[in-house]
Protein chains: 4
Amino acid sequence: MVKPILAVNFKAYYPHSFGGNAYRIALDAVRVWRETGVEVILAPPFTELRRILEAVSGTEVKVYAQHADPVEPGAVTGFIPLEGLKDAGIHGVILNHSEHKLRVSEVNYLVKKAKSLGLKTLVCADTPETGAAVAVLEPDMVAVEPPELIGTGVSVSRAKPEVVTNSVNMIRRVNEKVTVLTGAGISNGEDAYMAVKLGTMGVLVASGIVKAKDPYQVMKDMAEGMLKAL
Amino acid sequence: MVKPILAVNFKAYYPHSFGGNAYRIALDAVRVWRETGVEVILAPPFTELRRILEAVSGTEVKVYAQHADPVEPGAVTGFIPLEGLKDAGIHGVILNHSEHKLRVSEVNYLVKKAKSLGLKTLVCADTPETGAAVAVLEPDMVAVEPPELIGTGVSVSRAKPEVVTNSVNMIRRVNEKVTVLTGAGISNGEDAYMAVKLGTMGVLVASGIVKAKDPYQVMKDMAEGMLKAL
Amino acid sequence: MVKPILAVNFKAYYPHSFGGNAYRIALDAVRVWRETGVEVILAPPFTELRRILEAVSGTEVKVYAQHADPVEPGAVTGFIPLEGLKDAGIHGVILNHSEHKLRVSEVNYLVKKAKSLGLKTLVCADTPETGAAVAVLEPDMVAVEPPELIGTGVSVSRAKPEVVTNSVNMIRRVNEKVTVLTGAGISNGEDAYMAVKLGTMGVLVASGIVKAKDPYQVMKDMAEGMLKAL
Amino acid sequence: MVKPILAVNFKAYYPHSFGGNAYRIALDAVRVWRETGVEVILAPPFTELRRILEAVSGTEVKVYAQHADPVEPGAVTGFIPLEGLKDAGIHGVILNHSEHKLRVSEVNYLVKKAKSLGLKTLVCADTPETGAAVAVLEPDMVAVEPPELIGTGVSVSRAKPEVVTNSVNMIRRVNEKVTVLTGAGISNGEDAYMAVKLGTMGVLVASGIVKAKDPYQVMKDMAEGMLKAL
């Protein structure tokens, strides 16, 4: 049976995305995973990766980096090659987020290298067209997020459902297997329900969860919304 | 009848790519166009665009910018929006050259905007995969150039013919109309002949012409090589 | 006798900064130079440099590039090394504008290289402290422009006179010779008068002139304001 | 009494700079600190910061980040604001390393912000001139590292002693308090001895320690070399 995906981008809100706050969100995510069985992905800042991995240890919750630098290991001060992220124990990486865009060749390099290291890739795109372009590079997941809706609380699945359906159509034309996610403005269970109803396999959410009063409840609602839509 | 394409990237060699030197290459290119009828594209530095346009005035030789900045007109000191390039009278732009890479979303933005302004786009890629990725964005031309061969004089069409054929195959799978060019290391008529024999419509050449002792002769040989291969 | 400086950054407004519009501003600037004798510097987009140089030919009006890429001549598609700018005939370059920031080492590289090529340098800075930092690198001119005032029409010399006086003081502590300019929000003769009264040798202006209804009149007023303040 | 400084930039060598390897270098560093009393600074990759902090807990060994992103907390996926680094418990940051250069205004922003958060700053520069330029911004430490010697094993203190003495002289002219370090190619106790003899307060070392067969012994030799030179 196919499981919908709830991917949480912690971004770098302060203090929400760091330290004890980040840790508590991870524990909440574990609880939602236990209660609903959806696939949960957590993407905390680089400095929190190891601790969040401890928080989810023994569960099927996955931990992704928010970005990967397109570098080989070596004399690259302040950058982290995929080998270093892999060494920390993570399961995958988000690439090309609209707040951390990559060049076409860098996406290709990182997707291929992640694959060779056994890491999953979730590549973001700002339009259905760019979603299809990156889908050609065969990542595991593509999330289409119109930048103008990111962080607004106005969800793409309600405000611009045609972006979601166009994304699915355009991506499917060039890649039949890649998992498509919906992102930007997702803030409640209804948004998540719509994302799956419109043909994607899950949602990529940031402030809607990380800055929520009760992250557990929001994640729970989203998980249940997606399950209802299947 | 289809005409093969000879695209000349002047890059920024000094003094070759500037002033009188650049002007003479443009006059040579006009001569080759008159004698062979191939489609000639010249891409001089920004500062030379207007003069090179004068040099080719009254001919069908086209002038492209080497790059376009992904900006809107306005307070963007030192950058040039497509509107400003268009105003100079150019016919098209090279985008995403391996020496001036663009983000996925920037390629998409620039291709769409160029189209709306009536400018042609020649998008570069470093591998067949990235060539296919950018082809999804529907530029007019895609040139696949393995960076490790650029400037070497070892042509991709002889050293790595499979890169050329894979590019054509992978690009055709996602875009049936886009014109595919061969680049990297092209330095004589034989290289150009092979590029067309392998299924592309022309070549993107830089040092092989710009730094040649006799740019006219090299361009002439390439034009004739391509015509012979059709 | 010391002449105040009127530096005009054309930026990339459309259509103001390009083609016939840019040319007319250059002719206006020549007229102001003839009538007032102030030192006039014009910084049009790269694509307009040669034509603006023609417009000011035979005068003492100077033409600067808005930016210089920190590259050596060669395989640097879409970039222009200082040698290429010099070849076009320009007199100097603006560096590190807040819309085109450079790394510390790049400013140093470009200032030194410009000097060796006989080109003047006008380095921008966003605060008095960074103004002093770049002054250590011994450019010909430093312009301190608080980014939050750029393009507002609210001049730094009236809204934040302490930024101007602090800049002069901090820069003088590390460099006794460099010419200090005032920038950001300068839009009329009074602003220019204040800039000189506060201890700087001139102004760096963009939209206040380039987007003005009557650029000639604004430049004339500014020139006269500065002369009155001496 | 003044203590010489041994700053270790782990960079991103694989597997040296990560996981168990990084942890062991940290324990070695603690031992050298106990045995010699020099000030030891460790700068591991972002993903290792928390674990290295645990390794040095209860000692006076300091942990720095290798870089800081010039961003405010918030929607900045894959970047880490200083607040997030501070939250992890670190003591300071390296800024403007030649492998991760910053713009002039970014160095200023980060130095000021680090100060307000109680974090120390070690700013790198590629020449004596740029060393003086960044010293104007009042960081705690400046390390001058000629990029052409980084990673070579040929130490600046032996190959180009004038770079070290010029750095001290030029920096002192604009900032009397900042601590000056020597970097690039430092690989043994003799290099460290020379660095202090030439007037700096310590060394910034990477591969010379991190990729050494016996990092403990190299650090011990360097610490003793510096103490001998005082």
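In this text, all values refer to a predicted model and were calculated from it rather than measured experimentally. In what follows, every heavy atom counts, from backbone to side chain, and hydrogens, waters and symmetry copies are set aside. Chain identifiers are assigned alphabetically (A, B, ...) following the order of the sequence lines, protein sequences preceding nucleic acid strands; residue numbering begins at 1 within each chain.
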Q. If you look at every heavy atom in A:L119 and A:D140, which pair is closest and at what distance?
A. O-OD2, 4.2 Å

Q | NZ-CD distance between B:K115 and B:E138, expressed to the nearest 0.5 angstrom | A | 5.0 Å

Q.
Using the rule side-chain contact (heavy atoms from CB on, under 4.5 Å), only one of B:L42, B:V63, B:V61 pairs with B:H91; which is it?
A. B:V63

**Q.** Gap between atom NZ of A:K101 and atom SG of A:C124 - 0.5 Å precision
**A.** 11.5 Å

Q.
Can you tell me which portion of B:L102 sits under 4.5 Å from chain A's heavy atoms? Options are side chain, backbone, both or neither.
A. backbone

Q | Exceeds 12 heavy-atom contacts within 6.0 angstrom, atom NZ of A:K112 | A | yes

(Q) Measuring from atom OH of B:Y109 to atom CD of A:E129, what distance do you get when rounded to the nearest 0.5 angstrom? (A) 15.0 Å

Q | Region of B:S98 in contact with chain A, defined by heavy-atom distances below 4.5 Å | A | neither

**Q.** chain A contact residues among residues 173-191 of chain B, heavy-atom distance under 4.5 Å
**A.** B:V174

(Q) Using 30° and 60° as the class boundaries, would you call the ring planes of A:F18 and A:Y14 parallel, tilted or perpendicular? (A) tilted

Q) Considering only heavy atoms, which portion of A:V107 lies under 4.5 Å from any heavy atom of chain B: side chain, backbone, both, or neither? A) side chain

